[in-house]
Every structure is written in structure tokens, then in C-alpha cells.
Undergrad: 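Please see the structure below; I have some questions.
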Number of protein chains: 2
Amino acid sequence: MKKDFELMKKCPLFGNMNNEELEFILTSPFTKIQNFSKNQTVLTEGDNVQSLGVVLSGSVQVVRNDYYGNRSIIALVESPQIFAEVFVFSDTPTMPVSVISAADSRIMLVGLKKILSESPDQSLFYSKLINNLLRLVTEKNLRLNEKIEIISKRTIREKLMTFLLFQARLQGGNSFTIPYDRQGLADYIEADRSAVSAEISKLRAEGIIESNRSQFRLIKNPE
Amino acid sequence: MKKDFELMKKCPLFGNMNNEELEFILTSPFTKIQNFSKNQTVLTEGDNVQSLGVVLSGSVQVVRNDYYGNRSIIALVESPQIFAEVFVFSDTPTMPVSVISAADSRIMLVGLKKILSESPDQSLFYSKLINNLLRLVTEKNLRLNEKIEIISKRTIREKLMTFLLFQARLQGGNSFTIPYDRQGLADYIEADRSAVSAEISKLRAEGIIESNRSQFRLIKNPE
DNA sequence: GTAAGTATGTTGTAAATCCAACAAAGGACG
DNA sequence: CGTCCTTTGTTGGATTTACAACATACTTAC
């Protein structure tokens, strides 16, 4: 379908690839494209997945069901992101989580390992795709590590400061705007919103930071 | 050196590779091997790294220096593990952390991207190495996600139960032995040791688990 | 078997967090 | 300008945690 072609081009996984190469993937016998309506199951816990998922449009939730039957949402994957890549390449034979469409979605399931192993001649194709995949996986790795560094801290103050220091570094200066509102920030650092607000006020009162809403400034030598 | 050959063979990054292929990497102009004594700096924050590190022997610490000059240890990488791979493949131009030898160590720095890009003909070689790398990175990804799921929980009880449910799943049953002592467990779930001990006792008193030291059993219907 | 050393469990208190309820500030729109 | 609605800040009380100190259980070496 013509449209899928355009959707593929937006996906970082296929970045830097030409039409022929996209076509090759799109028409591979190991590629399947399917529409899911909201709340339909895309992959079920226990499934033996060999395919990486691409959200061409819409979004999916990664969901875990625990021993006692409690269901918790682990991640939200929106177009044009990918999912399940870790299970395919880490030799995790059965999915430990389920994937459910969070909206009407168009999903591409790509048997990437098969496609790659059966096209050893197209070496440039191969290296482009692999480079994209490696970049995506290592970037996610960096983000996860960063989050762990933040939420590992035992107090809200430490979590906040760690988060703010990351933002300062990321945006290259002492003054910066964070990409969350208070509730979003509290969710990210895994703490209560009102407690986060209170701690920000304290930090301000102590002259450690200046802030207004999502604008922050780190004060170098708070004395 | 003959010995390096043997050390390489133990490393998952080079798993499944034959002597010729190991030799190819070992003698590449983009590969450097160096000895570091304890506390020597291997890579410095701000460096422009193009090389992935392999701990042939010994161990290194990944260290972060924050804005205020506080230094914190992010990770310990022991032989035969690798480090800095995420920076090389995620287009992070400068290292946000430093790497310091934690013991007398022998370190191999491999310009893997260069080696791979300049050997497009050796396609089998290429795919072996890439597969190993992808497996390592995605496995780490899984572990990081798991840890985040655990330490995201707000109470020690929830952290513990999430951890124990993972262990049960991993070991395929309700009875299992965890790979940590109390202090190690407390460190992993980011909580105080004595508080963890206390919570385990409570869970036992409430009939939710049975346990003795590192042996645990989940009780299905605690009423 | 016993002493010494380590790991685990228990308890009380101070500190931090969560939670809920409300106050204040900001934004959208007539 | 004023109302409605959302976001952010503030506060007090209940809950949870950290911390320290000590008790008990286990391990090891002799």
C-alpha cells in the first residue's frame, strides 16, 4: 500500500533507507501489516515472538499481568516507534508481557532476524538497518539508565536535583525549561505531585534554584 | 599476545567467533589494548569516544561527576563485560561519564564501527559480531526495565513483591532462592536493609510468603 | 564444641513521604 | 472584566521509611 510507504519513512528504524530497501522489507514474506482497533491484543504474553513491531499509526500499550492477576501498564509506544525488539534480539523465547492497541492502530510486524539472515548479499541494506536498530536500542538504554539514576535517589530533593542537573546538561546551561508540568515531573521521578511542589519551594527558599512553573535556574554557589 | 586471545574467547561480545575473526579484531589498527593500574582513568568525561571497551581482566567503574563536583558510581563492569557501547552507537558525541579502573585491569578499546564499516565483505563476521552486540544491549535493556519496574514502586512491600514475582517467573515456580543476601537485596530495590528485613517478616506473618534467608515461597491465596 | 565474626531480625524514634483538602495563580473565553 | 477551569502551591495528619542500636541466628576456624 502506498500509504504504508510514507508511514515507514517517518520511522527512525527505517531512517536513511531508499525506496528499494523499504520495498524489500514491505514485501518480504516475513513482514505482516495489520490494523487493530482500540483495545485489541497485538501480542499476548507467552507468545513466541520472532518479529519486531512497528507502530505505523496509532499507539500500543505494553502491559504486564502479574501472579495475582494485577495488570500494570509498563510503556506506551506511539507512532512511529517500535516495540518488542528486545525480545527478538535477546533470545527471550516467550513474551513476558502483552501488547494491546491503545487506539485504532496500524501495526507492522517485521521478522527482522529472518530478513537479515536471508539477505546476506545486500550488505549496505543490512548495515543501515542494523545501525538504526543499534542506535534506537542504545538510546533507549541511555534513557533507562538516566531514569534509574534519578529514581534510585531516596529523597524527593535528591531526585529533583539529579533530574534538574540532567536537564541543565542536556540543554547546555544553568537556565532551562523542563518538558513536564508538575504532574508529569512527579510521575517521572516517581513521587507525589504536592510533595514535589513543596520541595521545589524549599529549594527556592534556600537559594539553591530559581524557578517559575517549568522554568528553572541552578544557582552555582548557594550559601 | 596469546593470552589476550584466550581472554577474548571468554567475552560474550566475541561469542561464536572463530580464531581468524578474533585475530582480525585483535590486529586491527582500530583496536588498542592497554593495562591500567587501580584507579587509573580509562576514559574521561567529555572525551569523544568512538571505541567500545572490553574488560579483558580486572574491572572498571563508570563514574559521574555532577555540577557541584559530587562523584557517584553508576556501574561496576567486570571482566569479561563491555562498556561505553551505548555512547558509540547512540551518536552521543562526548562521554557524559568517566571510566576508572577499579583494579589492575587489561582493557581493550575496539573501534567497532570503523572495523565493521571497513570490512563489508566479511559478511558472516559482521553478522556474528552485530548479533552478539544486539543481544548484549537488548538484554541489558530488559534488566534495566525490570529494575525500573521494581524501584518505581512506592513502598518496600510493593518493591519486594514485584521483585519476588520476577524471581518466581524467572525460576519457574513459587519456590525459589534469590541471588542476593539481605544487604544486596536492599541495595537492589533501593531501600534500607533493616526495613526490608522487617517487611519480609510482616509478609511472612500475614501468610503472603514463606521464607528463610534467601529461600522464598509465594503463597497463592493468602486469606 | 566454642569463640569470633558475619548476616539477619527486631524495635523505637526522627525524618520523609503520601494523601487529601484547600488556597492561589494562570489561562481561556465570553 | 469576570467566570470557569486547570495548574501549581500550601498545609496538617496518617503512613512509611531511614537510621541506629541491639538481639538473635548462622558460619567458620580452631
Side-chain angles (χ1 to χ4, degrees), chain A residues 68 70 72-73 147-165 167-168 175-219 222, chain B residues 70 72-73 147-165 167 175-219 222:
Chain A
Y68 297 111
N70 305 312
S72 61
I73 298 167
K147 171 143 186 169
I148 286 178
E149 260 194 83
I150 291 168
I151 68 177
S152 287
K153 299 291 157 61
R154 300 290 174 83
T155 64
I156 291 177
R157 166 171 295 223
E158 281 181 300
K159 287 179 178 180
L160 260 177
M161 288 310 295
T162 307
F163 170 78
L164 293 176
L165 292 169
Q167 287 293 315
S175 295
F176 49 90
T177 304
I178 67 171
Y180 298 112
D181 61 14
R182 281 290 173 281
Q183 186 61 60
L185 172 58
D187 289 345
Y188 183 70
I189 70 174
E190 303 290 349
D192 179 71
R193 181 198 61 79
S194 67
V196 170
S197 266
E199 198 61 43
I200 289 174
S201 298
K202 268 195 201 172
L203 286 168
R204 203 167 29 210
E206 293 175 29
I208 297 168
I209 64 172
E210 289 172 6
S211 79
N212 181 281
R213 300 256 155 171
S214 293
Q215 265 284 124
F216 286 83
R217 201 160 93 81
L218 300 176
I219 310 301
Chain B
N70 304 314
S72 62
I73 299 167
K147 171 142 187 169
I148 286 179
E149 260 194 83
I150 291 168
I151 67 176
S152 287
K153 298 291 157 60
R154 302 290 175 83
T155 64
I156 291 178
R157 167 171 295 223
E158 281 182 299
K159 287 180 179 181
L160 260 178
M161 288 310 296
T162 306
F163 171 78
L164 292 176
L165 291 170
Q167 288 293 315
S175 295
F176 49 90
T177 303
I178 66 170
Y180 299 112
D181 61 13
R182 279 291 172 281
Q183 187 61 59
L185 173 58
D187 289 344
Y188 183 70
I189 70 174
E190 304 288 350
D192 179 72
R193 180 197 61 79
S194 68
V196 170
S197 267
E199 198 61 45
I200 289 173
S201 297
K202 269 196 199 171
L203 286 168
R204 202 168 29 211
E206 293 175 30
I208 297 169
I209 64 172
E210 289 172 4
S211 78
N212 182 280
R213 299 256 156 171
S214 293
Q215 265 284 125
F216 286 83
R217 202 162 93 82
L218 299 176
I219 310 302

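Naming: A, B, ... by sequence-line order, numbering from 1 per chain.
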Undergrad: Would you kindly give the CD-to-P distance between A/Glu199 and C/dC18, to the nearest whole Å?
TA: 11 Å
Undergrad: Looking at D/dT10, I'd like to know if its phosphate oxygens (OP1 or OP2) sit under 4.0 Å from a side-chain N or O belonging to A/Ser197.
TA: no
Undergrad: It should be established whether A/Arg182 places a side-chain nitrogen or oxygen under 4.0 Å from OP1 or OP2 of nucleotide D/dG9.
TA: yes
Undergrad: Counting side-chain heavy atoms from C-beta on, which of D/dC19, C/dT11, C/dC18 comes nearest to B/Asp192?
TA: D/dC19
Undergrad: Does the C/dA20 base have a donor-acceptor partner in the side chain of A/Ser194 within less than 3.5 Å?
TA: yes
Undergrad: Rounded off to whole Å, could you give me the CD-to-C1' distance for the A/Gln215 and D/dT7 pair?
TA: 17 Å
Undergrad: Tell me which one of B/Arg182, B/Lys153, B/Arg157 satisfies salt bridge (charged side-chain N to carboxylate O under 4.0 Å, His left out) with B/Glu199.
TA: B/Arg157
Undergrad: Confirm from the modelled atom types if A/Arg193 and D/dG9 form a donor-acceptor pair under 3.5 Å, side chain to base only.
TA: yes
Undergrad: Under 4.0 Å between a side-chain N or O of B/Ser201 and OP1 or OP2 of C/dT10?
TA: yes
Undergrad: Do the ring planes of A/Tyr180 and A/Phe163 sit parallel (below 30°), tilted (30 to 60°) or perpendicular (above 60°)?
TA: tilted
Undergrad: Contact list please: residues 150-161 of chain A against DNA chain C, heavy atoms, distance less than 4.0 Å, in numerical order.
TA: A/Thr155, A/Ile156
Undergrad: Where the side chain of B/Arg204 is concerned, which of D/dA18, C/dG9, C/dA7 is the nearest nucleotide?
TA: C/dG9
Undergrad: Kindly say whether A/Glu190 contributes a backbone atom to a donor-acceptor pair with the side chain of A/Lys159 at under 3.5 angstrom?
TA: yes
